[in-house]
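Presented below is the structure to which this report refers.
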Amino acid sequence: MKIELDYVKVGDYYLPDLAAEPYPKRGPGKYGLLRLRYLKEHRPIIWAEYVMKGKLYAHLLEVEDAAHDLLDSMMPGMAKEAGATESLKSRDPLAWVGLMNCRKAQVEEIFSRN
């Protein structure tokens, strides 16, 4: 892997022309922070590459959005399969919340395996 940098002459020295990545208007959420921790602990070269190119936060936000899209698409089917219907929600709200939390945990387990 080769990382190319531009250099600026300052006096007698050449210094890397590094610019800080502009911080996005929103920070990474749960899934973005999980991805950040994974990159730092298990893929430090990829993490360093994202940092050097100034694309780390864009990548984390992309992962965050993809995870939420997947969660939103999987939850209705998982809830229907578990029997978490609107009638159950009106009859027994605590049971409905328990089923929904269980299904959300299952979907998040699927995320962590992929």
Side-chain angles (χ1 to χ4, degrees):
M1 174 182 283
K2 184 178 180 181
I3 298 176
E4 296 183 19
L5 294 174
D6 294 326
Y7 291 88
V8 177
K9 187 172 184 179
V10 178
D12 293 336
Y13 300 99
Y14 285 95
L15 301 174
D17 187 19
L18 300 176
E21 178 181 1
Y23 198 76
K25 293 181 181 180
R26 65 181 175 108
K30 174 182 179 179
Y31 305 110
L33 293 176
L34 287 172
R35 176 68 175 171
L36 176 63
R37 189 175 79 193
Y38 170 78
L39 288 174
K40 281 184 172 182
E41 292 177 4
H42 302 286
R43 300 287 189 256
I45 294 173
I46 295 172
W47 173 79
E49 184 178 336
Y50 279 131
V51 171
M52 294 296 286
K53 289 182 178 180
K55 296 183 178 184
L56 179 63
Y57 285 108
H59 174 71
L60 297 179
L61 292 177
E62 182 181 333
V63 167
E64 181 78 22
D65 293 340
H68 280 288
D69 290 344
L70 189 57
L71 182 69
D72 291 342
S73 68
M74 290 181 75
M75 280 302 292
M78 298 284 281
K80 184 177 180 182
E81 181 182 304
T85 61
E86 289 297 320
S87 64
L88 177 66
K89 185 177 180 181
S90 63
R91 279 184 292 129
D92 191 359
L94 289 178
W96 182 85
V97 169
L99 285 173
M100 293 301 286
N101 286 340
C102 180
R103 293 306 181 200
K104 185 175 180 184
Q106 288 177 342
V107 171
E108 288 177 346
E109 181 67 24
I110 293 168
F111 289 171
S112 68
R113 291 183 182 182
N114 293 326

(request) Could you tell me which residues satisfy ring-ring contact (aromatic ring centres under 6.0 Å, His included) with Tyr7, sequence neighbours excluded, listed by chain and number? (result) none

By side chain to side chain contact (heavy atoms under 4.5 Å, CB included), which residues pair with [X], not counting sequence neighbours?
X      : answer
Ala67  : Tyr31, Phe111
Leu60  : Pro28, Arg35, Leu36, Leu56, Tyr57
Met100 : Met75, Ala79, Ala84, Trp96

(request) May I have all residue pairs that pass side-chain hydrogen bond (donor to acceptor under 3.5 Å, both in side chains) and include part of residues 66-77, sequence neighbours excluded? (result) Glu64-His68

(request) Kindly state each residue pair satisfying side-chain hydrogen bond (donor to acceptor under 3.5 Å, both in side chains) with at least one member in residues 79-88, sequence neighbours excluded. (result) Thr85-Ser87

(message) Please enumerate all residues that pass side-chain hydrogen bond (donor to acceptor under 3.5 Å, both in side chains) together with Asp65, with sequence neighbours excluded.
(response) Arg26

(request) Go through the structure and list residues passing side-chain hydrogen bond (donor to acceptor under 3.5 Å, both in side chains) with Gln106, not counting sequence neighbours. (result) Arg103

(request) Locate the shortest heavy-atom distance separating Leu88 from Ala95; write the atom from each residue and the value. (result) CD1-CB, 4.4 Å

Please say yes or no: joined through hydrophobic side-chain contacts below 4.5 Å, possibly via intermediate residues, are [X] and [Y] part of one cluster?
X     : Y      : value
Val51 : Leu15  : no
Leu99 : Ile110 : yes
Leu70 : Val107 : yes

Just distance, no hydrogens or angles: give the donor-acceptor pairs under 3.5 Å from side chains in residues 37-46, sequence neighbours left out.
none

(request) With rounding to the nearest 0.5 Å, note down the distance linking CD in Glu49 to NE2 in His59. (result) 11.0 Å

(message) Side chains of Val10 and Val8, heavy atoms from C-beta outward: is any pair under 4.5 Å?
(response) yes

(message) By the ring-ring contact (aromatic ring centres under 6.0 Å, His included) test, which pairs, at least two apart or in different chains, include something from residues 69-92?
(response) none

(message) Run the salt bridge (charged side-chain N to carboxylate O under 4.0 Å, His left out) test against Lys30 and tell me which residues pass, sequence neighbours left out.
(response) Glu108

